[in-house]
Every structure is written in structure tokens, then in C-alpha cells.
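I have placed the structure first, in the form of C-alpha cells, so that the comments after it can refer back to it.
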Amino acid sequence: MSDKKIGVVGAGTMGQGIAQVVAVSGFQVHLYDVSEEQLGRAKTNIDKGLGKLVAKEKISESDKKAALERLSSTTTLNTLSDCTVIIEAAPEQPELKEKLFRDLSQLSSTAILASNTSSLSLTRLAAVCEQPERVVGMHFFNPVPVLKLVEVIRAEQTSDATVAEIESLAKALGKTAVPVGDAPGFAVNRLLVPMINEAAFIVQEGTAAPEAVDEAMKLGAAHPMGPLALGDLIGLDVCLAIMEVLQEGFGDPKYRPCPLLKRMVAAGYLGRKSGRGFYHYD
């Protein structure tokens, strides 16, 4: 598969990580975003990420150079028309993703369209495409260069060939593909994000401070990172969006987003990416 070109749509945290892994794995990658400024930041961050791998002796300096040469960026969606697989990593906004998939499906009649959505319906995304059988979920986890899991989500319309191709790609990227059905939150986030939401309730109610909640879960449940620090890493806006999808999808009050979480997002306290969440960051 190394001769195939991979498109990545969205140069945010997840798009950067996916593009880095794709380039390191020997694929040509086109990174698309509407913002030249964001693409510039992405290339700088990818360069730094590769530098860390060199420092840890996981890749050589020549490997880093070759990976950067395989990476190109663009603000023109049509540039992705010759890609074999296009991985969408845009913000978790249903209308935005549907428009992207509608546009992407018109670029090529053969490219597989994979979404990195963390909670939205793949069946709904596939329904707006001209060849819905080519649509599949390919959910990476942050930080993408480190975490091995990729949830492969089959929409109602997804073909067996599409799933097999994406599972092969995940393996080529050094990831482990786990098949998951198309339900709100899929598997990991349906379990993980309600825990983060419940931790926010504990803080809101004054039962324990964020530091106490996280320390308790690390020491008492053997979690490598506490739920609130993890929420800050994921992005509190992303956590809130997932809770809203779970609440709407299942109609169950147990998925009600914590009011404190909603207020923090409204205030712009999104976690690491904004410099402040449940903790403060430089």
C-alpha cells in the first residue's frame, strides 16, 4: 500500500497526528485545511513531533527528512482527488462533516472516505455520498503517534472491501484495528467520556477538587492519567460535544452534560489547547 496517496482533511491536533503517522509509515500525504495559518502551525508541530522521535532514537534523521518530504499541504480540496484514502479529521460539527463528505464524494469515484469522528453517525455521513459503500469510520486516539488503537466503524452502507482496506491501512500505520458498530460514541468514548463528565459533577458538587479526583483514580483504579487531566488533553469542547451526541442518540438522562463542563467550554476553558481547563498550562 506504500504507493498510495492519503489525504487528511483538517490540520488540528488529530489531523496533525494522523498526517505525521501516515508520512512516517511511508505514504504520500496531502494535508488539507481552509487556513494557511493552521497548516503552517501543523507543519511546525509535525516537525517537532518527528524531532522527538529522532531524540528517542525511534527514527533516524534521514527518516525524519524523508517523512517531511512525503508531506504536502493545501487549501484546495480538489488537490485530494488522486488520493486512495481520504481521512476526515474536521471539528465535530455534523453539518460541516456532511458538507465535506458530500464534496469529497464528488472528487473521486474510487477513494475510500474515512471519518475520524469520535461520536457522530457514519451511516448519516454515508447517506450524503454518491457511493456510500466507500464510507467508513477510522477513529484514532490522541496522541495519534503514541496510541495504537483505531476503532473501525462500519456504517449500514459500508462494504466488506472498504472495511478490509481500512483494516490493512491501520496495520500499515502500526495501529491495531478494532471493529465497532455504528452507535453513538462507539465503544471507547461511550465508556470514557461519561466518566470524565461524572468527574466534572464531583468537582461541581464540591465533593473533591480536580487534583483529588485524578489522584484517586490513578492510585485506586490504576489509571495512568486522571479523568479530568485526560479531559483537558482531549479538549473539553470535544468532551461536551460527545456527551451531547450521547444524550441525543440514546435519550437517556444519564448522559446529561455536566453544567460546569458547559460553563467552562462557554468561557473558552478548553484544556491544554487553550492553556486552561481543569488545570492551567503554559
Are any side-chain N or O atoms of [X] and backbone N or O atoms of [Y], one a donor and one an acceptor, separated by less than 3.5 Å?
{"X": "Arg70", "Y": "Ala23", "result": "yes"}
{"X": "Ser73", "Y": "Leu39", "result": "no"}
{"X": "Ser115", "Y": "Gly137", "result": "no"}
{"X": "Asp214", "Y": "Leu228", "result": "yes"}
{"X": "Gln204", "Y": "Leu260", "result": "yes"}
{"X": "Asn116", "Y": "Phe140", "result": "yes"}
{"X": "Ser168", "Y": "Ala164", "result": "yes"}

When clusters are formed by joining ILVMFWY residues with side-chain heavy atoms under 4.5 Å apart, either directly or through shared neighbours, do [X] and [Y] land in the same one?
{"X": "Leu261", "Y": "Met225", "answer": "no"}
{"X": "Val144", "Y": "Ile46", "answer": "yes"}
{"X": "Val265", "Y": "Ile234", "answer": "no"}
{"X": "Val128", "Y": "Leu125", "answer": "yes"}
{"X": "Val180", "Y": "Val163", "answer": "no"}

Report task. List the steps and the verdict of salt bridge (charged side-chain N to carboxylate O under 4.0 Å, His left out) for Lys273 and Asp232. Result -> CA-CA 8 Å; Lys273 61 187 174 184; Asp232 279 357; over 6 Å; no

Would you tabulate the side-chain donor-acceptor contacts of residues 11-19 under 3.5 Å, counting partners in other chains and residues two or more places apart, or write 'none'?
{"unit_1": "Gln16", "atom_1": "OE1", "unit_2": "Asn45", "atom_2": "ND2", "d": "3.1"}
{"unit_1": "Gln16", "atom_1": "NE2", "unit_2": "Ala11", "atom_2": "O", "d": "3.0"}

Short side-chain donor-acceptor distance under 3.5 Å, [Y] and [X]:
{"X": "Thr76", "Y": "Thr79", "value": "no"}
{"X": "Glu130", "Y": "Ser105", "value": "no"}
{"X": "Asp63", "Y": "Ser60", "value": "yes"}
{"X": "Tyr255", "Y": "Asn197", "value": "no"}
{"X": "Arg272", "Y": "Tyr281", "value": "no"}
{"X": "Glu92", "Y": "Ser118", "value": "yes"}
{"X": "Ser119", "Y": "Asn189", "value": "no"}

For a 4.5 angstrom cut-off between non-hydrogen side-chain atoms, does [X] reach [Y]?
{"X": "Gln20", "Y": "Leu53", "value": "yes"}
{"X": "Val85", "Y": "Phe27", "value": "no"}
{"X": "Met195", "Y": "Met217", "value": "yes"}
{"X": "Cys83", "Y": "Leu80", "value": "yes"}
{"X": "Glu244", "Y": "Leu240", "value": "yes"}
{"X": "Pro224", "Y": "Lys218", "value": "no"}
{"X": "Leu169", "Y": "Lys4", "value": "no"}
{"X": "Glu88", "Y": "Tyr32", "value": "no"}

Could you tell me which non-hydrogen atom of [X] sits nearest to which non-hydrogen atom of [Y], and how far apart they are?
{"X": "Glu151", "Y": "Phe186", "result": "OE1-CB, 3.7 Å"}
{"X": "Val203", "Y": "Ala209", "result": "CG2-C, 4.3 Å"}
{"X": "Ala111", "Y": "Ser108", "result": "N-OG, 3.1 Å"}
{"X": "Arg190", "Y": "Pro184", "result": "CD-O, 4.0 Å"}
{"X": "Val135", "Y": "Cys129", "result": "CG2-SG, 3.7 Å"}
{"X": "Thr123", "Y": "Glu156", "result": "OG1-N, 3.1 Å"}

Query raised in the report: So does Glu37 have more than 12 non-hydrogen atoms from other groups sitting under 6.0 Å from CD?
Result: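 At most 12 heavy atoms, drawn from other residues, nucleotides or ligands, come within 6.0 Å of this atom.
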
Requested in this report: Look at atom NZ of Lys262 and say whether more than 12 heavy atoms of other residues, nucleotides or ligands are closer to it than 6.0 Å.
Outcome: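 No, the 6.0 Å shell around NZ holds no more than 12 heavy atoms from other groups.
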
Are the charged groups of [X] and [Y] less than 4.0 angstrom apart, N to O?
{"X": "Lys64", "Y": "Asp47", "value": "yes"}
{"X": "Asp82", "Y": "Lys5", "value": "yes"}
{"X": "Asp160", "Y": "Arg154", "value": "yes"}
{"X": "Lys99", "Y": "Asp103", "value": "yes"}

Requested in this report: Test side-chain contact (heavy atoms from CB on, under 4.5 Å) on Thr75 and Val34 and set out the steps.
Outcome: CA-CA 5 Å; Thr75 56; Val34 294; over 6 Å; no

**Report entry** His139/Phe141 aromatic ring centres below 6.0 Å
**Finding:** yes

Requested in this report: With side-chain contact (heavy atoms from CB on, under 4.5 Å) as the test, would you mind laying out the steps for Met243 and Gln247 before giving the verdict?
Outcome: CA-CA 6 Å; Met243 288 305 301; Gln247 184 183 39; over 6 Å; no

